[in-house]
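Since this is a predicted model, take the numbers as computed values, not measurements.
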Amino acid sequence: MDRKCKPSWIDSYLEYTDDQESPKAFHEWVGMSVVSSVLQRKVWIPRVKYTIYPNIYVILIAGSAKCRKSIAIRLGIDILKDIKNPPTIFAQKITTEALIQALEESKSKDKACYGIIVASELSVFLGADAIRSGIIPALTDLYDSPAKWQYHTRSRGREELTNVTLSMLAASTKDWLKTSIPASAIGGGFTSRIVFVVGVSPSKLVLFPDPHADTTALRANLIYDLELMCKLNGAIQFTKEAKANALEWYEREACEVHDEKVDGYFGRKHDTMFKIATILSISEGDTLLIEAKHIKRALKMMTYNEKHLNTIMESVTATVVGGDTEKVLTIIRKFNQIRDRKSTRLNSSHIPLPRMPSSA
């Protein structure tokens, strides 16, 4: 099957979104999520005594309206919707029972249940009681693409899904993240499965569209290649060089010591890396072969995101005082000094005033 996007679908998608303000990393991971969502359970990665699939959970994080999170997501999902047989898209606040029913209804001819959660505001999608309602435990289980998954519901009794594959593409601010993901989920299975992508500032400032830019043909090529990817079926293989690169990194990573809040993420980083390398390989062609360049690029993408990982976890678990302290430090770092009048003014709402002693 001859691909139209050269050198890869991801790179063509970055070209397609180049005139938009969102950070490049946002577009790159939206593109990764789109490719991931069409592969279902038809492509798999053999591991030692278990199998993983290239579905991913991605959350874009930036200040409200600052980096155009929702627009970045919409650009990719609009392309996904235009392929002939798109995956089921879950875009509204949903209960666990409703998610199970929707996945059941998404069954394809081979009885596989698959779809992608799209949430431009994660806190709205999950709700304040995400743990108690069962949605976070369910998402944790479904990430692993179980061949059979059972769940008990009040209204319908025991439900069973087969060959499930679920991806997620969501957005949040750090403040919203605290209301979306309870502190009890940190260090557990849910956060360790998420790729957090932080945007600090727009990639560029664009107020008016370029009247000479025409991406119609490029968009058509992106859709065409996605439809070809839907037809792929088989196990991922590795070149000898790719295995050597992965093993060298794995042995080096085993010596690293991490904060307990992110231990879960780093404990499964090798599997996440293989998922990302698979998506990168498939975005180039149909060989189902991971090369050394895919391993290197996957690790580079992950390392870039990990710069903010500790801060994200700390913001979720922060107390009120801790949260205010973090905001103060962020503003101080931005202005590189503490005596700057502007930073002092911005910090004034987060710094508690000293209590004056009461008069006798």
Has [X] got a side-chain atom pairing as donor or acceptor with [Y]'s backbone, closer than 3.5 angstrom?
X    : Y    : value
S36  : P54  : yes
E160 : Q150 : no
S106 : Y114 : yes
S192 : G189 : yes
K275 : N55  : yes
S203 : S22  : yes
T162 : A147 : no
T17  : Q20  : no
R47  : D271 : no
D259 : K261 : yes

Are the side chains of [Y] and [X] in contact, using a 4.5 Å heavy-atom criterion?
X    : Y    : result
L299 : I295 : yes
T303 : N305 : no
V58  : M168 : no
E306 : M302 : yes
D210 : D19  : no
I117 : L139 : yes
R252 : E248 : yes
L60  : S172 : no

Exercise for the section: For K243, look at atom NZ and say whether over 12 heavy atoms of other residues, nucleotides or ligands are found less than 6.0 Å away. Expected result: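 Open: at most 12 neighbouring heavy atoms sit under 6.0 Å from NZ of K243.
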
Practice task
Check whether more than 12 heavy atoms from other residues, nucleotides or ligands sit under 6.0 Å from atom CD of E241, and answer yes or no.
Solution key: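 No.
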
Practice task
Determine whether the aromatic ring centres of F238 and F274 lie less than 6.0 Å apart.
Solution key: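 Yes, the ring of F238 comes within the 6.0 Å limit of the ring of F274, centre to centre.
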
Practice task
Please test V30 against L75 for side chain to side chain contact (heavy atoms under 4.5 Å, CB included), starting from the C-alpha separation and ending with a verdict.
Solution key: CA-CA 9 Å; V30 168; L75 287 173; over 6 Å; no

Nearest non-hydrogen partners of [X] and [Y], listed with the distance:
X    : Y    : result
I290 : A277 : CD1-CB, 3.9 Å
G31  : I10  : C-CD1, 3.6 Å
Y265 : L309 : CD2-CD2, 3.4 Å
S37  : S167 : CA-OG, 4.0 Å
T216 : D214 : OG1-OD1, 2.7 Å
S201 : P23  : O-CG, 3.4 Å

Spacing of [X] atom [atom1] and [Y] atom [atom2] [to the nearest 0.5 Å]:
X    : Y    : atom1 : atom2 : result
L39  : I236 : CG    : CD1   : 8.5 Å
T239 : Q237 : OG1   : CD    : 11.0 Å
N163 : L103 : CG    : CG    : 12.0 Å
L289 : E291 : CG    : CD    : 5.5 Å
L222 : E15  : CG    : CD    : 9.0 Å
L226 : I282 : CG    : CD1   : 11.5 Å

Would you say the side chains of [X] and [Y] form a donor-acceptor pair under 3.5 Å?
X    : Y    : answer
H294 : E284 : yes
T165 : R41  : no
D175 : T173 : no

Handout entry: Inter- and intrachain pairs under side chain to side chain donor-acceptor pair (under 3.5 Å), touching residues 219-228, at least two apart
Key =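 Only Y16-R219, D82-R219 qualify under side chain to side chain donor-acceptor pair (under 3.5 Å).
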
Exercise for the section: Only pairs at least two apart or in different chains count here, so list each side chain to side chain donor-acceptor pair (under 3.5 Å) that has a residue in residues 4-13. Expected result: S8-D11, D11-R297

Exercise for the section: Would you mind checking if K24 and D18 are paired as a salt bridge, meaning a charged N to carboxylate O distance below 4.0 Å? Expected result: no

Handout entry: Lys/Arg N to Asp/Glu carboxylate O, R3 vs D286, below 4.0 Å
Key =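 Salt bridge flag = yes for D286 with R3.
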
In terms of hydrophobic clustering (I, L, V, M, F, W, Y; side-chain heavy atoms under 4.5 Å; direct or indirect links), are [X] and [Y] co-clustered?
X    : Y    : result
M32  : I73  : yes
Y50  : Y143 : yes
I279 : W44  : no
I52  : Y250 : yes
L288 : I45  : yes

Practice task
Assess whether side chain to side chain contact (heavy atoms under 4.5 Å, CB included) is satisfied between I116 and T88, documenting all intermediate values.
Solution key: CA-CA 6 Å; I116 178 170; T88 301; over 6 Å; no

Handout entry: Check against side chain to side chain contact (heavy atoms under 4.5 Å, CB included), V195 and Y57
Key = CA-CA 6 Å; V195 176; Y57 286 2; over 6 Å; no

Exercise for the section: Begin from the C-alpha positions of N310 and V262 and carry the test side chain to side chain contact (heavy atoms under 4.5 Å, CB included) through to its verdict. Expected result: CA-CA 7 Å; N310 278 321; V262 296; 3.6 Å; yes

